[in-house]
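The next block holds one structure in the form of structure tokens; read it before the comments.
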Number of protein chains: 2
Amino acid sequence: MIEKALREQIKEVAVEHFNTNGYHGTTIRNIAKDVNCSLPMIYYYYKNKKELFDEIIKKEYFNLLEKQASLLKIDNIINFYTKFIYDLNSLSNYDKQVYRLGVKVYLSFDGDEELMNHMDEWEKSILPRHCKILKPYMKNVNNEKVVVRTLVHLLETMIINIVVKNRYLPEDEIREEISIVLQNCG
Amino acid sequence: MIEKALREQIKEVAVEHFNTNGYHGTTIRNIAKDVNCSLPMIYYYYKNKKELFDEIIKKEYFNLLEKQASLLKIDNIINFYTKFIYDLNSLSNYDKQVYRLGVKVYLSFDGDEELMNHMDEWEKSILPRHCKILKPYMKNVNNEKVVVRTLVHLLETMIINIVVKNRYLPEDEIREEISIVLQNCG
DNA sequence: TCCTTTATTTAACGTTCGTTATAATAATAG
DNA sequence: CTATTATTATAACGAACGTTAAATAAAGGA
């Protein structure tokens with residue numbers, strides 16, 4: 001227990017490598033070198049390169065998304081979305097890299113068709129979820145769906161800025177932009 | 001004349017391959033096979049793999065961006081931005097793939113540090129340019145900078161949707177979302 | 001015509017890749 | 001103490017990679 005389980009350690013290093021060099025640019029040998037284990041150890045814990053990559057996306061990334069989506073407690077709707085985005089700034093390095101890798105697959109910059117289908121499934125759930133969250137605050141708004149769509153699009157860019165481009169977004173900038181889109185929502 | 005044909009053909013096929021498989025996933029052999037020429041012909045026209053990739057980004061992608069940025073004629077500001085985005089739908093396949101590849105480098109999912117610096121240079125010019133375009137329409141808006149920033153963020157997502165995720169965005173959806181952000185601009 | 005330059009191919013070099021067969025070690029259980 | 005199982009390492013396989021040397025073909029003046 002002093003040493004982190006080797007299997008986990010391999011996964012962590014793999015996340016870094018896939019992130020920096022992409023799937024094809026990542027080599028099992030380099031992972032092993034950084035983990036400080038012999039090459040076949042990676043095959044001892046993972047069937048092959050693809051399974052290692054898949055586990056990162058299917059388990060780590062989607063766990064992260066679900067955790068992120070579940071920590072809801074709403075008072076003011078603008079505060080809610082501001083916090084939702086702002087908290088991404090303080091994700092652990094590992095989580096940020098997993099997130100980044102997930103976005104990469106989501107944009108089909110990496111991974112394969114099978115992983116893309118997982119992504120599409122998730123994506124379908126996004127608009128309805130935010131529609132539900134926002135509904136109570138949309139009494140005096142006529143173009144409900146457009147506002148939700150616009151907000152989701154804006155959130156996407158901010159997520160990419162923080163997680164993919166690894167930039168810090170200050171809380172007030174986030175709030176300002178969200179407020180522009182939600183300015184008619186009480 | 002024949003020379004140019006082959007050189008261009010190599011570049012076109014390379015764009016496809018880099019797009020589909022990334023830099024590391026693309027092999028010179030596969031490009032040659034699709035071009036229907038022998039392998040060393042690629043080295044006859046391009047010094048090496050990296051130079052081929054660099055030329056696509058540095059020439060093709062930035063040409064595209066500048067062409068895109070220069071076709072301005074403004075009447076109504078919402079019409080202007082709507083058209084700006086909507087026209088991306090009808091880019092040629094080649095241009096769309098070049099654009100996609102550029103975005104991939106921009107998000108540092110591919111390419112190297114040197115190319116990223118090119119991207120950063122361009123990025124710095126974005127906000128000022130849109131500020132200038134929007135300034136005349138911002139008379140009765142107090143939070144000018146926030147509006148511009150939000151708009152640029154929204155545009156980015158729509159660009160990614162059309163060019164990276166290869167989706168068709170209908171004109172009215174684009175107009176609706178832009179209108180949300182620019183609703184106080186005359 | 002011959003010669004020089006351009007365009008293209010065949011064949012191979014050395015390297016690195018993903019993956020595995022095999023063996024050695026450490027841990028555990030009986 | 002021994003038998004068995006769980007880990008780890010050494011060494012190598014065949015395939016594919018980026019790249020180049022060398023030879024050949026085509027073209028175009030002189």
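Here is how names work: the chains are called A, B, and so on, in the same order as the sequence lines, proteins then strands, and each is numbered from 1.
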Practice item. Look at the side chain of B:Ser125 and the backbone N and O of B:Glu121, then say whether any donor-acceptor pair between them is shorter than 3.5 Å. Key: no

Exercise for review: In whole angstrom, give the distance that lies between atom CZ of B:Arg7 and atom P of C:dA7.
Suggested key: 12 Å

Practice item. Could you check how far CG of A:Asn36 sits from C1' of D:dA9, rounded to whole Å? Key: 13 Å

Review point. Roughly how many Å is it from CG in B:Leu6 to C1' in C:dT6, rounded to a whole number?
Key: 13 Å

Check your understanding: With sequence neighbours left out, which residue pairs that include part of residues 9-41 of chain A fulfil the ring pair (Phe, Tyr, Trp, His ring centres under 6.0 Å) condition?
Key -> A:Phe18-A:Tyr23, A:Phe18-A:Phe53, A:Tyr23-A:Phe53

Check your understanding: CD1 of B:Ile31 versus C1' of D:dG18: gap in Å, rounded?
Key -> 12 Å

Practice item. Figure out the CZ/P separation between B:Arg29 and D:dG18, and round it to whole Å. Key: 7 Å

Practice item. Mind running a 4.0 Å heavy-atom check of residues 37-56 of chain A against DNA chain D and sending the residues that fall below it, in number order? Key: A:Cys37, A:Ser38, A:Pro40, A:Met41, A:Tyr44, A:Tyr45

Point to revise | Face-on cation placement of A:Arg7 at A:Tyr46 ring, 6.0 Å and 45° thresholds | key: yes

Review point. Quick one: does A:Asn63's side chain have a donor or acceptor within less than 3.5 Å of a partner on A:Lys59's backbone?
Key: yes

Exercise for review: Starting from P on C:dG18, measure out to NZ on A:Lys33 and report it in whole angstrom.
Suggested key: 13 Å

Review point. Whole-Å distance between D:dA15 P and B:Asn30 CG?
Key: 17 Å

Point to revise | A:Glu176 and B:Arg149: CA distance, side-chain angles, deciding distance, salt bridge (Lys or Arg N to Asp or Glu O under 4.0 Å) verdict | key: CA-CA 10 Å; A:Glu176 284 168 343; B:Arg149 216 175 55 217; 3.0 Å; yes

Exercise for review: Evaluate salt bridge (Lys or Arg N to Asp or Glu O under 4.0 Å) for B:Asp54 paired with B:Lys50, printing each intermediate quantity in order.
Suggested key: CA-CA 6 Å; B:Asp54 281 12; B:Lys50 178 165 167 19; 2.7 Å; yes

